[in-house]
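Below, chain A is the first sequence line, B the second, and so on; all start at residue 1.
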Amino acid sequence: MKLPYEYYQQQDVVAIAKDLIGKVLCTYLDNQFTSGIITETEAYAGIQDKASHAYGGKRTKRNEVMYHAGGKAYVYLCYGMHTLFNVVTNTEGIPHAVLIRGIYPLDGIPIILQRRKAKQISPQITLGPGKVTQALGIHLSHNGLDLTQNILWIEDRKIRIPENAINIGKRVGIDYAEEDALLPYRFYVDSKNLSPNCF
DNA sequence: CGTACGATCTGCT
DNA sequence: GCAGATCGTACGA
């Protein structure tokens, strides 16, 4: 049910990014359980990927956890105000990661609404990497957290996403990455497939 | 020590 | 559709 280390430590980060679509991201924080179906991911392929924080082997206090063995959370701040959540993959020393860009709310919807300061549920409310972390209560302090424990984890609930519902595209907001900005490393379920009774 | 800058979201037009 | 918000991090002095 809960994804094990072996899952995260697979070699092909792009394959993991695609496979994570339809898995369930869960948090148990402040005595509250919330979860959502992952609907959008992006792969960041280590030192040769110009869009990656680890490009060229860059290793700092911030991105240190990317170099750890797969199965941990890499949480960092973007644009000074948005917390972004990544899953660290591959083995120790290889800084691969998958950015979770969107989920579909599943458990603890009242809490998600409260955290997002929203009145009504809609797919939009957790679509966007900054919104995902806000909805699930993920904080910068959760950086480096072990994804096989009971605070922050991903489950396989055998939700089947039809192959033709998964779109592939180039990653968002990384124009500076030159030719790597064109890589088809983004996977997302089209919004027209996100109706409440789709899953 | 000072500064520039982002893997973005929101609200207003 | 676009500007503004807002701050940890990296890097140069």
- Answer yes or no: is there a donor N or O on one side and an acceptor on the other, between the side chain of A:S35 and the main chain of A:D107, under 3.5 Å? yes
- Item | Separation of B:dC9 C1' from A:I125 CD1 (nearest whole Å) | 13 Å
- Message: Assess, by modelled atom type and distance only, whether the side chains of A:Y7 and A:D19 contain a donor and an acceptor separated by less than 3.5 Å.
- Response: yes
- Task: Could you tell me the separation between the CD atom of A:Q124 and the C1' atom of B:dT8, rounded to a whole number of Å?
- Result: 15 Å
- Query: Residues two or more places apart in sequence or in another chain: which of them pass ring-ring contact (aromatic ring centres under 6.0 Å, His included) with A:Y76?
  - Reply: A:H53, A:Y74
- For DNA chain C, which residues in residues 83-98 of chain A have a heavy atom at a distance below 4.0 Å? none
- What are the two closest heavy atoms between A:H68 and A:V88, and how far apart are they? O-CG1, 3.6 Å
- Separation of A:T126 OG1 from A:L136 CG (nearest 0.5 Å): 8.0 Å
- Look only at the side chain of A:T83 and the backbone of A:T133, and say whether a donor-acceptor pair between them is shorter than 3.5 Å. no
- Item | Separation of B:dA7 P from A:D180 CG (nearest whole Å) | 14 Å
- Message: Can you give me the closest heavy-atom contact between A:G102 and A:L127, atom names plus distance?
- Response: CA-CD1, 4.1 Å
- Message: Nearest 0.5 Å, please: how far is OH in A:Y188 from CZ in A:R101?
- Response: 10.5 Å
- Task: Check whether any side-chain heavy atom of A:R171 lies under 4.5 Å from a side-chain heavy atom of A:D49, and answer yes or no.
- Result: yes
- Under a cut-off of 3.5 Å for both distances of each Watson-Crick or G-U pair, what dot-bracket string does DNA chain B give, using [ ] for crossing pairs and | for inter-strand pairs? ||||||.|||||.
For nucleotides 10-12 of chain B, list the nitrogen or oxygen atoms of the protein found under 3.5 Å from its nitrogen or oxygen atoms, one pair per line.
unit_1	atom_1	unit_2	atom_2	d
B:dT10	OP1	A:R116	NH1	3.1
B:dT10	OP1	A:R116	NH2	2.7
B:dT10	OP2	A:K131	NZ	3.4

- Task: Taking only heavy atoms on the protein side, list every residue of residues 68-75 of chain A lying under 4.0 Å from any atom of DNA chain C, sorted numerically.
- Result: none
- Would you kindly say whether A:Q134 and A:R116 are connected by a side-chain donor-acceptor distance under 3.5 Å? yes
- Looking at A:G46 and A:H96, what are the two nearest heavy atoms and their distance? N-CD2, 3.4 Å
- Any A:H53 side-chain nitrogen or oxygen under 4.0 Å from OP1 or OP2 of B:dA7: yes
- Task: Show the numbers, then the answer: is there a salt bridge (Lys or Arg N to Asp or Glu O under 4.0 Å) between A:E155 and A:K23?
- Result: CA-CA 6 Å; A:E155 289 179 2; A:K23 297 290 187 288; over 6 Å; no
- Query: What is the minimum heavy-atom distance between A:F33 and A:C26, and which atoms define it?
  - Reply: CE1-CB, 3.8 Å
- Message: Given 3.5 Å as the limit, does a donor-acceptor pair link the side chain of A:N90 with the main chain of A:V13, or not?
- Response: no
- OP1, OP2 of B:dA7 versus side-chain N and O of A:Y176: anything below 4.0 Å? yes
- Message: Could you tell me if A:D180 and A:Y44 have a donor-acceptor pair between their side chains, going purely by distance under 3.5 Å?
- Response: no
- Task: Could you tell me the separation between the CG atom of A:L127 and the C1' atom of B:dT8, rounded to a whole number of Å?
- Result: 13 Å
- Is there a donor-acceptor contact under 3.5 Å from the side chain of A:N143 to the main chain of A:L140? no
Could you pull out the protein-nucleic contacts involving nucleotides 7-10 of chain C (nitrogen or oxygen on both sides, under 3.5 Å)?
unit_1	atom_1	unit_2	atom_2	d
C:dC7	O4'	A:G80	O	2.8
C:dA10	OP1	A:T60	OG1	2.1

